[in-house]
Visitor: 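Before I ask anything, let me first share the structure, which is written out below as structure tokens.
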Amino acid sequence: MPQKIIGEVKISPAILNITQKIKNVSDFKERIEEFLEKNITEILEIILGGAIDLEASDIHIEPREEEAKIRLRLDGILQDILFIERKIYESLLSRIKLLSGMKLNITDRPQDGRFSILIEKIAIEIRASSLPAEYGESIVLRILNPKSLIEIEALGLRKDLIEIFKREIKRPNGMIIVTGPTGCGKTTTLYAILKRIQRPEIKIITIEDPIEYHLKGISQTQVNPKAGYDFANGLKSIMRQDPDVILVGEIRDLETAKTALQAALTGHLVLSTLHTNDAAGTVVRLTTLGAELSNIGPAINLAIAQRLVRKVCKKCVQLKKIFPEELKKIKKELNSLKIIKNLKLTSKLKIPQIKGCRYCNFTGYRGRIGIFEAFLVDEEMEKFILKNPSIAALRQKAIEKGMITMKQDGLIKVLEGITTIEEVERVVGE
């Protein structure tokens with residue numbers, strides 16, 4: 001069952017009118033400073049409302065000896081906002097713990113909770129976490145904004161990948177696995193798939209930890225290890241509910257892997273995630289968990305890896321003539337790709353250069369987009385997987401069969417004016 005949401009914050013129209021005018025970090029800091037003499041309820045409202053309007057993913061409140069720091073994670077990067085007095089921090093801490101259903105008298109161990117924010121009849125859930133630190137409890141608020149639920153076309157997929165996605169999600173059985181580290185957008189991709197395939201004549205059931213977003217018409221369940229409901233036995237229970245499509249939040253152990261693979265082999269479309277560095281790591285990760293190669297190849301339809309890169313700010317971006325060393329990098333990665341044969345990789349090429357303005361908080365970037373690599377498991381790949389190849393060998397095989405790597409996908413987005421070489425290298429390495 002979903003974790004109970006204890007409290008609810010209704011942001012008043014007056015504060016909403018203020019937060020909707022916040023355009024950058026400087027505005028946000030000024031608005032909070034104006035409210036520091038107000039009551040703690042209004043201070044929290046301005047912090048929450050402002051963070052939501054800036055499209056932050058997390059709010060960090062970190063205590064120090066004589067003060068506390070508030071930071072926001074914007075486009076995957078933490079940014080300092082301001083310092084507040086200890087007494088304000090302590091009041092905020094108590095208010096957040098009360099709203100989240102955490103125990104006020106427990107300060108020496110971690111706690112988790114949830115509450116919701118109502119903004120113009122839209123409910124935004126907040127996942128709260130407290131952690132004992134040197135000078136008090138560090139609080140992180142994860143903002144689960146329904147606005148994050150986007151269509152497949154908005155993920156950042158190339159046209160060829162969109163066509164593969166659309167074809168594969170129509171299949172009645174098999175497994176689609178999305179891989180990558182925490183915070184790389186895997187859940188967003190899976191929910192985009194669910195939104196696309198959802199229709200009255202099919203039954204979709206999810207098992208998640210926790211439920212991040214609520215989708216109408218879908219049966220969503222949440223793991224509860226204390227009650228004995230984990231991914232492994234939860235998935236077995238789901239199988240008895242006659243589903244057509246199953247979303248497994250993450251494959252973490254052998255039991256979950258075996259049941260998910262079996263479901264994919266017996267007439268169900270299974271969507272799930274794995275923590276691996278790249279698409280080729282999918283098979284090795286499953287075998288490391290103990291899954292059998294004879295099941296992995298036939299079960300998997302599509303293995304995807306992704307990361308998120310920041311997009312250049314549209315209001316201040318400039319185009320610059322490419323440097324020789326940059327052109328060399330791009331040619332080395334992309335020269336073999338048919339997809340860019342129509343692009344002339346010459347010294348006259350122009351690529352984005354960041355500048356920075358108030359709109360993008362002087363970072364030069366605003367918003368994020370996915371970069372992807374994916375391979376299909378056809379008959380040839382299935383036979384290759386049975387040989388128990390290394391990650392490097394499977395990666396090479398996938399490239400030979402046409403896979404474009406995440407780095408190549410990122411550099412294509414550089415040529416399209418979406419991001420920069422520096423940003424791609426920050427995310428996937430040089």
Side-chain angles (χ1 to χ4, degrees), residues 6-7 9 11 15 18-19 22-117 124-145 181-183 210 310 356 358 360-365 368 426:
I6 304 295
V9 176
I11 298 184
I15 289 182
I18 294 169
T19 61
I22 292 174
K23 302 299 179 187
N24 51 54
V25 166
S26 298
D27 290 347
F28 186 46
K29 178 183 177 182
E30 288 171 11
R31 298 297 83 77
I32 296 175
E33 287 174 337
E34 289 171 5
F35 272 74
L36 290 180
E37 300 300 320
K38 307 277 186 179
N39 64 58
I40 204 65
T41 300
E42 290 182 302
I43 295 174
L44 182 59
E45 281 184 35
I46 205 82
I47 291 172
L48 292 171
I52 289 166
D53 276 295
L54 284 175
E55 299 181 355
S57 60
D58 302 85
I59 304 168
H60 292 240
I61 304 173
E62 302 162 342
R64 298 193 173 188
E65 190 171 6
E66 296 178 354
E67 58 195 358
K69 183 196 284 186
I70 295 177
R71 299 200 284 174
L72 290 188
R73 190 174 292 280
L74 296 167
D75 297 331
I77 306 293
L78 275 172
Q79 294 202 33
D80 292 351
I81 304 300
L82 83 167
F83 288 95
I84 56 174
E85 295 177 9
R86 282 286 306 194
K87 65 177 184 179
I88 295 174
Y89 153 75
E90 286 163 4
S91 297
L92 273 175
L93 175 65
S94 297
R95 178 69 179 143
I96 289 167
K97 290 177 78 172
L98 192 66
L99 281 166
S100 310
M102 299 182 197
K103 293 181 179 177
L104 295 174
N105 60 339
I106 293 179
T107 59
D108 59 350
R109 61 177 184 266
Q111 294 189 76
D112 295 299
R114 288 169 90 98
F115 63 94
S116 63
I117 303 171
I124 297 171
E125 291 185 21
I126 304 292
R127 200 165 74 216
S129 169
S130 75
L131 185 73
E134 186 178 4
Y135 297 111
E137 293 173 83
S138 175
I139 291 281
V140 175
L141 304 176
R142 166 61 57 89
I143 301 168
L144 304 173
N145 195 333
T182 301
R310 292 178 293 171
R358 283 180 63 84
C360 63
N361 301 306
F362 300 99
T363 63
Y365 299 96
R368 289 191 292 176
R426 180 187 72 83

Visitor: Test side-chain contact (heavy atoms from CB on, under 4.5 Å) on I59 and V140; report intermediate values, then the result.
Guide: CA-CA 6 Å; I59 304 168; V140 175; over 6 Å; no

Visitor: For the residue pair P63 and S138, establish whether any side-chain heavy-atom pair is separated by less than 4.5 Å.
Guide: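 Yes, close enough: below the 4.5 Å cut-off.
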
Visitor: Measuring from atom CZ of R109 to atom CD of E137, what distance do you get when rounded to the nearest 0.5 angstrom?
Guide: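 Going from the CZ atom of R109 to the CD atom of E137 covers 11.0 Å.
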
Visitor: Passes side-chain contact (heavy atoms from CB on, under 4.5 Å), L141 versus D58? Steps please.
Guide: CA-CA 5 Å; L141 304 176; D58 302 85; over 6 Å; no

Visitor: Rounded to the nearest 0.5 Å, what separates atom CZ in R142 from atom CZ in R73?
Guide: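 Going from the CZ atom of R142 to the CZ atom of R73 covers 8.0 Å.
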
Visitor: Decide yes or no on side-chain contact (heavy atoms from CB on, under 4.5 Å) for I77 and R310, but give the supporting numbers first.
Guide: CA-CA 9 Å; I77 306 293; R310 292 178 293 171; 3.8 Å; yes

Visitor: For P210 and R127, which heavy atoms make the closest approach, and how far apart are they?
Guide: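 Looks like CG-NH1, 3.4 Å.
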
Visitor: Can you list the residues that meet the salt bridge (Lys or Arg N to Asp or Glu O under 4.0 Å) rule with K38, with sequence neighbours excluded?
Guide: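 Once residues adjacent in sequence are excluded, K38 has no partner under the salt bridge (Lys or Arg N to Asp or Glu O under 4.0 Å) criterion.
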
Visitor: Using every non-hydrogen atom in the two residues, find where I40 and I88 come nearest and quote the distance to one decimal.
Guide: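 Heavy-atom minimum between the residues: CD1-O, 3.7 Å.
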
Visitor: Under 3.5 Å, side chain of Q111 to main-chain N/O of I106, donor-acceptor pair present?
Guide: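 It does hold such a pair.
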
Visitor: In Å, rounded to the nearest 0.5 Å, how long is the span from CZ of R114 to OG of S129?
Guide: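 So the CZ of R114 and the OG of S129 are separated by 12.5 Å.
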
Visitor: Who passes salt bridge (Lys or Arg N to Asp or Glu O under 4.0 Å) against D27, sequence neighbours left out?
Guide: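 Applying salt bridge (Lys or Arg N to Asp or Glu O under 4.0 Å) to D27 gives R358.
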
Visitor: Working note: Y135 + E67, criterion side-chain contact (heavy atoms from CB on, under 4.5 Å); need CA distance, chi angles, decisive distance, verdict.
Guide: CA-CA 9 Å; Y135 297 111; E67 58 195 358; over 6 Å; no

Visitor: M102 versus L93: any side-chain heavy-atom pair under 4.5 Å?
Guide: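 Result no, sub-4.5 Å side-chain heavy-atom pair not found.
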
Visitor: Would you check if E45 and V9 make a side-chain contact, meaning some heavy-atom pair closer than 4.5 Å?
Guide: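 Yes, at least one pair of side-chain atoms sits under 4.5 Å.
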
Visitor: Sequence neighbours excluded, which residues qualify as salt bridge (Lys or Arg N to Asp or Glu O under 4.0 Å) partners of E90?
Guide: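 Salt bridge (Lys or Arg N to Asp or Glu O under 4.0 Å) list for E90, sorted by chain: R86.
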
Visitor: How many angstroms lie between CZ in F28 and CG in L74, if you round to the nearest 0.5 Å?
Guide: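 Answer for the CZ-CG pair, F28 versus L74, is 9.0 Å.
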
Visitor: Got more than 12 heavy atoms from elsewhere within 6.0 Å of CD, E30?
Guide: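 Check passes, neighbour count above 12.
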
Visitor: Just so I know, are the side chains of L72 and L78 near enough to count as touching, which here means a heavy-atom distance under 4.5 Å?
Guide: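 No, side chains not in contact.
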
Visitor: Where do P110 and P132 come nearest, in terms of heavy atoms and distance?
Guide: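 Minimum heavy-atom contact is N-CD, 3.7 Å.
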
Visitor: Using a 3.5 Å distance criterion without hydrogens, assess whether the side chain of N24 forms a donor-acceptor pair with backbone atoms of S26.
Guide: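 Here the side-chain-to-backbone pair exists.
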
Visitor: Check whether any side-chain heavy atom of T19 lies under 4.5 Å from a side-chain heavy atom of I52, and answer yes or no.
Guide: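 SC-SC contact between T19 and I52 ruled out.
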
Visitor: Pick one: which of D80, L82, I61, I84 meets side chain to side chain contact (heavy atoms under 4.5 Å, CB included) with K69?
Guide: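 Single pass found, and it is D80.
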
Visitor: For residues L99 and L44, determine if any side-chain heavy atom of one lies less than 4.5 Å from a side-chain heavy atom of the other.
Guide: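 L99 reaches L44 side chain to side chain.
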
Visitor: More than 12 foreign heavy atoms under 6.0 Å from NZ of K29: is that the case here?
Guide: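 Open: at most 12 neighbouring heavy atoms sit under 6.0 Å from NZ of K29.
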
Visitor: Indicate yes or no: at least one non-hydrogen side-chain atom of Y365 is less than 4.5 angstrom from one of C360.
Guide: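 A side-chain contact is absent here, since even the closest heavy-atom pair is not under 4.5 Å.
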
Visitor: Report the distance from atom CD1 of I96 to atom OH of Y89, rounding to the nearest 0.5 Å.
Guide: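 Atom-to-atom, I96:CD1 and Y89:OH are 9.5 Å apart.
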
Visitor: First locate atom CG of L54, then atom CG of N361, and finally report the distance between them rounded to the nearest 0.5 Å.
Guide: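 Those atoms lie 6.5 Å apart.
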
